[in-house]
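Before any comments, here is the structure.
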Amino acid sequence: MRDNQIVDSSFTAIINASIDKIDIPAWCFSLSEREYQGCSPAHIAAGFTTAPDGKRMSINVETIGGSLMVQHYVETLGQKDHLILDSDSDVFTPTGRTTIHVTWELSAKPIDDGKCEFTNRVRSYGTDEFMSFLARQGIPFEQFRIQRQPASIAHNQGETPFFAASIERAALKR
């Protein structure tokens, strides 16, 4: 574990579709704003584009723990059953704007012919900018981490079954 890790949260849910019908990157990079908003009351907006290097990017806007976040998720691994995205996310707090690094990992593994286990894992880390942001305010990182974890974990836990259901709907349309 890196010293600046804020949270490592992972939850699972069932997708009632066969693994050969699941395409997590296709789902992610075509997710409508309405579908994204339906996965959590904290979700505000979603879109997709490409990063300057041409890699696919998912843009998500949400509120976690009272802070508005704009996430610029760039695809670092894109397999039909496994997607890893990395973002230096903008965080807007009552005391100013900063960034944190977020790794979002989505995967599916078959349970049987018509069912898969979906895993939604989120890891976040304080960037150098973020660590300076806390230091300027006299907030010890460990204190921030302890206070932030419940909100981040609850958010991930709440959205996971809705993401699974959304991926299932997309898979069954194939």
Side-chain angles (χ1 to χ4, degrees), residues 1-16 22 24 27-28 31-48 57-77 81-109 111 115-127 129-131 133-134 137 139-170:
M1 180 167 84
R2 290 171 32 179
D3 289 341
N4 60 343
Q5 186 173 67
I6 299 166
V7 70
D8 184 348
S9 171
S10 184
F11 291 95
T12 61
I14 299 300
I15 297 175
N16 292 299
I22 292 174
I24 297 171
W27 168 81
C28 180
L31 186 63
S32 73
E33 187 167 81
R34 183 180 200 122
E35 188 80 5
Y36 176 73
Q37 291 168 341
C39 292
S40 172
H43 290 176
I44 298 166
F48 45 91
M57 180 190 295
S58 173
I59 306 290
N60 298 343
V61 180
E62 60 188 345
T63 303
I64 299 177
S67 295
L68 180 69
M69 296 186 67
V70 179
Q71 298 157 329
H72 317 268
Y73 285 118
V74 177
E75 180 180 30
T76 56
L77 175 73
D81 63 348
H82 194 185
L83 177 64
I84 299 176
L85 304 155
D86 280 292
S87 172
D88 283 332
S89 300
D90 296 303
V91 183
F92 298 86
T93 76
T95 57
R97 177 181 176 179
T98 188
T99 61
I100 63 171
H101 184 85
V102 182
T103 298
W104 184 25
E105 183 174 3
L106 305 100
S107 62
K109 65 180 182 183
I111 295 173
K115 192 179 289 188
C116 295
E117 180 182 73
F118 168 69
T119 301
N120 182 27
R121 182 178 184 195
V122 177
R123 290 168 284 170
S124 63
Y125 304 89
T127 61
E129 176 186 341
F130 180 77
M131 301 305 273
F133 179 77
L134 288 181
Q137 297 175 69
I139 300 170
F141 178 74
E142 187 61 21
Q143 177 185 340
F144 171 83
R145 191 176 74 75
I146 289 168
Q147 291 176 342
R148 177 66 177 207
Q149 281 188 349
S152 295
I153 291 167
H155 178 80
N156 188 12
Q157 184 176 24
E159 72 187 1
T160 295
F162 292 102
F163 281 153
S166 180
I167 293 167
E168 179 179 306
R169 285 189 293 277

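Computed from heavy atoms alone, side chains included, the values below leave out hydrogens, waters and symmetry copies.
- A 4.5 Å side-chain heavy-atom check between Asp3 and Phe141 finds every atom pair outside the cut-off.
- Put simply, CG on Asp8 and OG on Ser152 are 11.5 Å apart, with the number rounded to the nearest 0.5 Å.
- Ser87 and Gln71 are not linked by any side-chain donor-acceptor pair at a separation below 3.5 angstrom, with hydrogens and angles left out of the test.
- Here His72 pairs with nothing under the ring pair (Phe, Tyr, Trp, His ring centres under 6.0 Å) rule; sequence neighbours left out.
- Checked by atom type and distance alone, the side chain of Gln37 pairs as donor or acceptor with a backbone atom of Ile44 at under 3.5 Å.
- When every heavy atom of Ile6 is checked against every heavy atom of Gly126, the shortest pair comes out as CD1-N, 3.7 Å.
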>> If you apply the rule salt bridge (charged side-chain N to carboxylate O under 4.0 Å, His left out), what do you find for Lys109 with Asp81, and how did you get there?
In response: CA-CA 7 Å; Lys109 65 180 182 183; Asp81 63 348; over 6 Å; no
>> side-chain contact (heavy atoms from CB on, under 4.5 Å), that's the test. Do Val7 and Arg148 meet it? Break it down for me.
In response: CA-CA 8 Å; Val7 70; Arg148 177 66 177 207; over 6 Å; no
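- Between His43 and Phe163, the angle of the ring planes stays under 30°, which puts this pair in the parallel group of the 30/60° scheme.
- Contact between His101 and Asp86 at its shortest, heavy atoms only, is NE2-OD1, 2.9 Å.
- Between Glu105 and Leu77 the shortest side-chain heavy-atom distance does not fall below 4.5 Å.
- Separation of atoms CD1 (Ile64) and OG (Ser89) is listed at 8.5 Å; rounding is to 0.5 Å.
- Closest approach of Ile111 to Cys116, counting heavy atoms only: CD1-C, 3.7 Å.
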> Do Asn156 and Thr160 pass the side chain to side chain donor-acceptor pair (under 3.5 Å) test, and can you show the C-alpha distance, the side-chain angles, and the key distance before you say yes or no?
Replying inline: CA-CA 6 Å; Asn156 188 12; Thr160 295; 3.2 Å; yes
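- The number of heavy atoms from other shown groups lying within 6.0 Å of CZ (Phe11) is above 12.
- With 3.5 Å as the limit, one finds no donor-acceptor pair spanning the side chains of Ser40 and Glu62.
- Across all non-hydrogen atoms, the minimal contact from Ile24 to His82 is CD1-N, 4.3 Å.
- The distance from the OG1 atom of Thr93 to the CD atom of Gln137 is 6.0 Å, given to the nearest 0.5 Å.
- No donor-acceptor distance shorter than 3.5 angstrom exists from the side chain of Glu159 to the backbone of Cys39, with no hydrogens or angles considered.
- The shortest heavy-atom contact between Ala170 and Trp27 is CB-CD1, 4.0 Å.
- In this structure, Ile15 CD1 and Ile167 CD1 are separated by 4.5 Å, a value rounded to the nearest 0.5 Å.
- Of all non-hydrogen atoms in Ala13 and Pro161, the two that sit nearest each other are CB-CA, 3.9 Å.
- Side chains of Ser166 and Leu31 form a contact here, defined as non-hydrogen atoms less than 4.5 Å apart.
- Put simply, the side chain of Leu85 reaches to within 4.5 Å of the side chain of Leu106, judged on heavy atoms.
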>> The test is side-chain contact (heavy atoms from CB on, under 4.5 Å); show your working for Ile100 and Met69 and say whether it passes.
In response: CA-CA 9 Å; Ile100 63 171; Met69 296 186 67; 3.6 Å; yes
>> Pair Tyr73, Val102 - check side-chain contact (heavy atoms from CB on, under 4.5 Å), show working.
In response: CA-CA 8 Å; Tyr73 285 118; Val102 182; 3.3 Å; yes
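- The CH2 atom of Trp104 lies 13.0 Å from the CD1 atom of Ile84; values are rounded to the nearest 0.5 Å.
- Taken to the nearest 0.5 Å, the CG atom of Asn120 stands 7.5 Å off from the OG atom of Ser9.
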>> side-chain contact (heavy atoms from CB on, under 4.5 Å) for Phe130 and Tyr125? Distances and angles first, verdict last.
In response: CA-CA 9 Å; Phe130 180 77; Tyr125 304 89; over 6 Å; no
